[in-house]
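Here is how names work: the chains are called A, B, and so on, in the same order as the sequence lines, proteins then strands, and each is numbered from 1.
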There are 2 protein chains.
Amino acid sequence: MADVAARAGVTKQTVSNVVSGKKVRPETLAKVNKAIAELGYKPNLVARSLRTGSTSTVGLFVPSVANAFYSEVVEEVENLLVGRGYNLLLATTRDDPDYTRAHLENLTARSVDALLVAGDNGVEQQLPMLAEANFPVALFAWEGDPPTTLPVVSIDYQHAGFLAGSYLRDLGHRNVAVIADLPAHTPRIVGLRRAFAADGLDERMVFACTSDDAAGGFAAAGAALEADPELTAIFATHDVLAVGAIEAVVRSGRRVPDDVSVVGFDDIAQVGRIRPALTTVTFPKREMAQQAVELLLRAVDSGRPPTNVVSLLRPTLTIRDSSGPARRDRSAPGTA
Amino acid sequence: MADVAARAGVTKQTVSNVVSGKKVRPETLAKVNKAIAELGYKPNLVARSLRTGSTSTVGLFVPSVANAFYSEVVEEVENLLVGRGYNLLLATTRDDPDYTRAHLENLTARSVDALLVAGDNGVEQQLPMLAEANFPVALFAWEGDPPTTLPVVSIDYQHAGFLAGSYLRDLGHRNVAVIADLPAHTPRIVGLRRAFAADGLDERMVFACTSDDAAGGFAAAGAALEADPELTAIFATHDVLAVGAIEAVVRSGRRVPDDVSVVGFDDIAQVGRIRPALTTVTFPKREMAQQAVELLLRAVDSGRPPTNVVSLLRPTLTIRDSSGPARRDRSAPGTA
DNA sequence: ATGAAAGCGCTAACAT
DNA sequence: ATGTTAGCGCTTTCAT
């Protein structure tokens, strides 16, 4: 910068004014721009950040990006941030609190202006401290109990589960299995069970998945079918598990949805086009990302802490081809 | 930091030594740590970066994160970077050169120590300049012609297409359609066509997708089936399109693979568990990410420019349930 | 509209 | 092992 100033015959300050688009006489502007071009000058953003105290970067914590739900969220957040002139520093939590805590220290040491945290991850204890230190934080897609001192944008997971449960119940399903990411997804299951309150939903029919991918859903659904061959419906606590569950049902010689209905959760992009197209609880991801980013950046821009609000978006049920009325007969299903 | 020093009765330098784990007398260490704890001191990473010239952050450009191929790559890169003490600054290119260029300016102005760029994106012209300015850059998953001055880790896309083509040809397929993301995926198609060299592969049977999601694949495959009802195989230039293609084939009353074989590209996680499980070209994503990160960080750590190498990993064909021998009879397919 | 001076918080280099 | 000095590159404040 000093070099540019010298070459243009002005001071650093004038160069700074040119770079940041302040009022400069056209004549001076030309001189300075010429010098900038000749020297290939690029302002050092780190120095600017040190001086201004702002990095124009927002940190985002997600459990994983490989998970389609979160990758769609990340995409949306990145777009929103860039649109408002911020960069995205991405960190995965891997559901590992120690690891996450270490990363948290890093980012909040002035590397980022604010923090967006998706999904419960065992660092709930640390987060309120940040808020107290006047560091803007917003939570979203939070299924457990979030700290009360921080703003949250999420959905009512219990209600979402209730939506799926009511639907299955109204279709006449009584023998329902749940395959689940436990314990994280417990609220969805509680909601589902509430829909069956009168009839009960056998607690033994909740199967924890060993892995949170399609293979895990496949295995858990297989176990469920073995435990109760009269099963007429499977609720998967997220879509990827549901994809594996459909496969398991078909492999067992049953049909979806004729013999067994399968309902998922999240409505990730792919499941609308698989066969059979998946009936699932649609999570308004984009709207959630928008609200969370909006909330956070408003705080950053104004220099005040974010509004402490719990904003619950409404999930909906998207009915496709993987679900239908419960089979009436109790005979063994077959290829007959 | 000055406050901590004052409170501990030492100088800033000593505090700095404590924070960065240098040799300090146990006695002093205790005093300083006490002061740090009492004041809740956290080092300012921006100031450190200004001084040391290093941000411990690597920028990653990908076309999109919502795309499963790239989200798997991002996940892997993030894990590798964190393992080596670096943060990840993520930027999507959206295949928009202007947008990407702007973002590039940003990141290279000392916000990141190095840059990893995945997927052709129209900024090839800008990248060599960075290398000249001694800024470490590595390219990967690059299908077009990369700048010769920059290191690349990728696969031989033509050969990968050839793999798929040879397989289909050996199974007796002669009426093959291609549904594609054009023009980006041309090399894969060239390779596929090479496998059919003797017999020719009708150029009119290449269908560009209007969108790069399953819906685009669905539409393109539908058009292909209409253009040639005697089709026995469809090659999709990436897996997500293939998922849509399978759906289109089934909707047309044909069976996969009995009437029409479908082969994809990338081997993203989901396609091993859909029904039918997809035959696809397996892209060694993890290995690619590892090599690229390794190459780049070695350069950063040593302070020298990265080795200018073109490293081509070997793709393989993963045969699952969506492909089989070509139908012999030329009668119209049916549900008969 | 431009110049001069000061300092953001840290670490490198040298001195002790 | 610790203290002293200087400066990374920028912006803010005040003066002109």
(request) To the nearest Å, give me how far apart CZ (B:Arg110) and C1' (D:dG9) are. (result) 12 Å

(request) Can you pull out how bent the helix from C:dA1-D:dT16 to C:dT16-D:dA1 is, comparing the axes over its first five and last five pairs, to 10°? (result) 30°

(message) For the backbone of B:Pro146 and the side chain of B:Glu124, can you confirm whether one donor and one acceptor N or O come within less than 3.5 Å of each other?
(response) no

(message) Does this structure show an ion pair linking A:Arg298 with A:Glu294, if we count only N-O contacts that are shorter than 4.0 Å?
(response) yes

(message) If we ignore hydrogens and angles and just use 3.5 Å, is the side chain of B:His238 paired with the main-chain N or O of B:His185 as donor and acceptor?
(response) no

(message) Less than 4.0 angstrom between a side-chain N/O of B:Ser49 and OP1 or OP2 of D:dC8, yes or no?
(response) no

(message) Counting neighbours of CZ on A:Arg94 that are heavy atoms of other residues, nucleotides or ligands and sit closer than 6.0 Å, is the number greater than 12?
(response) yes

(request) Check every strand shown and say whether B:Thr11 touches a base, only sugar-phosphate, or nothing at a heavy-atom separation below 4.0 Å. (result) base

(message) I'd like to know if the side chain of B:Asn308 reaches the main chain of B:Thr148, judged simply by a donor and an acceptor atom lying under 3.5 Å from each other, with no hydrogens or angles considered.
(response) yes

(message) Give the residues of residues 24-38 of chain A touching DNA chain C, defined as any heavy atom closer than 4.0 Å, sorted by residue number.
(response) A:Val24, A:Arg25, A:Thr28

(request) Would you confirm whether B:Ser16, through its side chain, and B:Lys12, through its main-chain N or O, come within 3.5 Å as a donor-acceptor pair? (result) no

(request) With sequence neighbours excluded, tell me which residues meet salt bridge (Lys or Arg N to Asp or Glu O under 4.0 Å) with B:Asp301. (result) B:Arg84

(message) Looking at B:Glu105 and B:Arg101, is any side-chain nitrogen of the basic one under 4.0 Å from a carboxylate oxygen of the acidic one?
(response) no

(request) Report the residues that fulfil side-chain contact (heavy atoms from CB on, under 4.5 Å) with A:Leu313, sequence neighbours left out, ordered by chain and then residue number. (result) A:Val153, A:Ile155, A:Pro284, A:Glu287, A:Met288, A:Gln291

(message) Using a heavy-atom cut-off of 4.0 Å across all strands, would you classify B:Val46 as base, sugar-phosphate, or nothing?
(response) nothing

(request) Under 4.0 Å from any heavy atom of chain A: name the first and the last nucleotide of DNA chain C that qualifies, 5' to 3'. (result) C:dA1 to C:dG9

(request) Without swapping roles, check the side chain of B:Asp120 against the backbone of B:Glu143 for a donor-acceptor pair under 3.5 Å. (result) yes

(request) Output yes when a side-chain donor or acceptor of B:Ser302 lies under 3.5 Å from a complementary backbone atom of B:Arg304, and no otherwise. (result) yes

(request) May I ask you to test the A:Lys285-A:Glu76 pair for a side-chain heavy-atom distance under 4.5 Å? (result) no

Show me the protein contacts with nucleotides 11-13 of chain D, counting only N or O atoms at under 3.5 Å.
{"residue": "D:dT11", "atom": "OP1", "partner": "A:Arg48", "partner atom": "NE", "Å": "2.7"}
{"residue": "D:dT11", "atom": "OP1", "partner": "A:Arg48", "partner atom": "NH2", "Å": "3.4"}
{"residue": "D:dT11", "atom": "OP2", "partner": "A:Ser16", "partner atom": "OG", "Å": "2.7"}
{"residue": "D:dT11", "atom": "O2", "partner": "A:Arg51", "partner atom": "NH1", "Å": "3.0"}
{"residue": "D:dT12", "atom": "O4", "partner": "A:Gln13", "partner atom": "OE1", "Å": "2.8"}

(request) State, to 0.1 Å, how close A:Thr55 and A:Ser111 come at their nearest heavy-atom pair, and which atoms those are. (result) OG1-O, 3.2 Å

